[in-house]
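Everything on this sheet refers to the single structure shown next.
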Protein chains: 2
Amino acid sequence: MPDTQDLDPRKAAILEAVVSEYIGTAQPVGSHHVARAAGINVSSATIRSEMVALEREGYLVQPHTSAGRVPTDKGYRFFVDQLAEPGVLGPAQRHKVSRFFEQVHGEMEELLERTSGLLSELTSYASVVLPPSHEAAAVRSVQLVGLGPRVVLLVAVLADGAVEKQAIELPEELPDDVLAAASARLQAAAQAHPLGSVQITEPSGDTQVDRVVALAQSALGDLACEAHDRIFVGGPSRLAGAFDAVETVRAVLATLEQQLVVVSLLRDVLERGLSVAIGAEHGYEPLSACAVVVAPVSVDGRSGGAVGLLGPTRMNYPQALAAARVVGEQLGDRLRTTFDAGPSARSARETRPRRRARGRR
Amino acid sequence: MPDTQDLDPRKAAILEAVVSEYIGTAQPVGSHHVARAAGINVSSATIRSEMVALEREGYLVQPHTSAGRVPTDKGYRFFVDQLAEPGVLGPAQRHKVSRFFEQVHGEMEELLERTSGLLSELTSYASVVLPPSHEAAAVRSVQLVGLGPRVVLLVAVLADGAVEKQAIELPEELPDDVLAAASARLQAAAQAHPLGSVQITEPSGDTQVDRVVALAQSALGDLACEAHDRIFVGGPSRLAGAFDAVETVRAVLATLEQQLVVVSLLRDVLERGLSVAIGAEHGYEPLSACAVVVAPVSVDGRSGGAVGLLGPTRMNYPQALAAARVVGEQLGDRLRTTFDAGPSARSARETRPRRRARGRR
DNA sequence: CTCTGGCACTCGATTGTACCGACTGCCAAG
DNA sequence: CTTGGCAGTCGGTACAATCGAGTGCCAGAG
């Protein structure tokens, strides 16, 4: 990729003006508008000749001859990388965030759900909250609860505040005391170990108990794995306002319904070290009309969680970035202070295994 | 309401033809089309004069002079009440449903989530699943788990398979053994009682324990109350295809995001003894372009849950009704057989209080 | 009295034309 | 290198003509 970063200052200023105006108006912007913009002191004719250069280099396109220019994905990319100011939240929004995190209470799912609502409300884009993976979280409590005649529910409470559950179907009906025994053994073995690495060492005397314990252990493994990650989507209805083609709206919404896709999208973007993915940069074709802004949610240094925003490529990047970062940070703080610093967290932290290595290509 | 039900057979047949065709094509239908329809053996001129009568009586409207007719909400209402055949699922769909309920497994939230996906897929409308209220469900297990220094999580497992949780903030840091004692007292008191009516009778000796127990008890009460009901929405993206005005899509999606509104909408409709609400019949203005189809989900006779479909007023009512009923029934069966018939359910059932009286006007 | 075919009429949708205006590209002069 | 000027392009709008689906009405047949 040769010609990145090297745009002479005037071209850069013109590009900036085009992007800014297009973000505001959604209309192709012509040379006169650019000439009128602040910081530009050349005539429209000069701008025109610069714009053909910018178009040749792929930063702008004309929807048709005799129309203004529109930024390409590359144009937006240059804008966010080189031009956009860090961006700050307005005082009103800042206030909203701090009030939210002062007032919010309750258990974790509710917190995440409402956080995604907050983020969407701040930006008027759709938002996504991806909580940190539970794989490394210490187990605080495990329990087997009998439900149906041959159905028991495995309930695990983790140090990060999450409650995970999985139904287990038994091959035969078992008396309550077997369940209780198995439950106790699980609790003893799992307590304070990370969810991803619970090991039952020695068998008990009772084969029935051992069988149940084995089933439960494999269920715990399932819970730790990635396919169990959940996302919280906020304000999807705002997407309807962001695009004019109803088919685009439909496709984007449909993609948002596929949790796994969204999870890997966010992780991919974060892992590539990006905080913004524009148009086709992430490889997800149905979202090529969208831009994605992500910010990590890190609890105690270890990350894994993220908050994201999904909007049209002509989104307000500075504002979206600022909002995502602030909310991501605050959410991380909140998760840490509320859930993660319990009295027995220390021991859990010592036994935590090597830094989580996610096996994504 | 005088003139309901009394339409001479020919008018009824014409109305039926108009509704059927309009549901299929979304285009205003003219007298010629009706004349060509099966079962109509009069000329288009006759139909025209009948149609002016139907329009005068409010069953049809013309978008403009010299256009065909479109059914009004009243027209649809007559159609579903008097004309539509019961409606059956196609064999392919029937097969999908039975395969789904054979294969599906896992815990309840997952089941509900996937059920709403199924219903949406069957009908191509957006679907809603409202699980039965937990108020009357017996408690199987209650537990207090310490998380942060002053935060404990109350986790309740109910006989219907639900796991409810609530974070409790303590006024002071407490030693683990106080929590354990409180947890044990709660478990003893709540076990097998309905969630809505757990009572701790006598105080223990320890004031610290009693204080925690009191907090937990009020938290249990919160969990039982209606505001805690959750819905599972399936396939909202399908709404984007159902309306052409993007603003309508936005408004409907925004309404679907408000869980409480949807819950009361469904309950209202069910309580009025309806299974279909068309246009403005439910009082929810933003949904006046929609029709809602609901079917109860009853577990062991007591109902409270529901499945619903949300689509344009020109939805395929017979098919939607059939799908909702079948899925609602199957879901009820599934909930009963998997979760509700456990060994200790008997005692719970005996202590169940008077039939739940929901206080909705 | 009801039904029907015929007929005049209405009105949205489509097509064609003209025009305006917002652009651009190019060029010659500063 | 920059600039103002100018011709040219093309989408959007306004307007008229046309088309056609569909209506309402009516006179005549059954």
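Below, chain A is the first sequence line, B the second, and so on; all start at residue 1.
For S120(B), the side-chain hydrogen bond (donor to acceptor under 3.5 Å, both in side chains) partners are R238(B), not counting sequence neighbours.
Screening residues 13-23 of chain A for side-chain hydrogen bond (donor to acceptor under 3.5 Å, both in side chains) gives E21(A)-H33(A) as the qualifying pairs, with residues at least two apart or on separate chains.
Taken to the nearest 0.5 Å, the OG1 atom of T25(A) stands 7.5 Å off from the CZ atom of R314(A). Here CZ of F78(A) is found 6.5 Å from CG of L15(A). Values are rounded to the nearest 0.5 Å. Considering CD of E50(B) and CG of L7(B), their distance stands at 9.5 Å, rounded to 0.5 Å. With values rounded to the nearest 0.5 angstrom, R77(A) atom CZ is found 4.5 Å from I278(A) atom CD1. Atoms CG and CD1, from L266(B) and I231(B) in turn, are 7.5 Å apart once rounded to the nearest 0.5 Å. The CZ atom of R69(B) sits 8.0 Å away from the OG atom of S31(B) when rounded to the nearest 0.5 Å.
The environment of CD in E247(A) is crowded: more than 12 heavy-atom neighbours from other residues, nucleotides or ligands sit within 6.0 Å.
The residue from V294(B), V292(B), T255(B) that alone fulfils the side-chain contact (heavy atoms from CB on, under 4.5 Å) condition with L265(B) is V292(B).
Residues T123(A) and V293(A) fail the side-chain proximity criterion, which asks for heavy atoms closer than 4.5 Å.
Residues of residues 17-28 of chain A having a heavy atom closer than 4.0 Å to DNA chain D: none are found.
For DNA chain D, the contact window with chain A, defined by any atom under 4.0 Å from a protein heavy atom, covers dT2(D) to dG11(D) in 5' to 3' order.
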Which protein N or O atoms sit under 3.5 Å from an N or O of nucleotides 13-17 of chain C?
none

Heavy-atom protein contacts under 4.0 Å, nucleotides 24-30 of chain C, coded B base, S sugar-phosphate only, - none: BBB----
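Donor-acceptor pairing under 3.5 Å is lacking for the side chains of N316(A) and Y125(A).
The two residues A291(B) and Y317(B) have their closest heavy-atom pair at CB-OH, 3.3 Å.
For H33(A) and dA22(C), the shortest distance from a side-chain N or O to OP1 or OP2 is not below 4.0 Å.
In this structure, CZ of R10(B) is placed 12 Å from C1' of dC1(C), rounded to the nearest angstrom.
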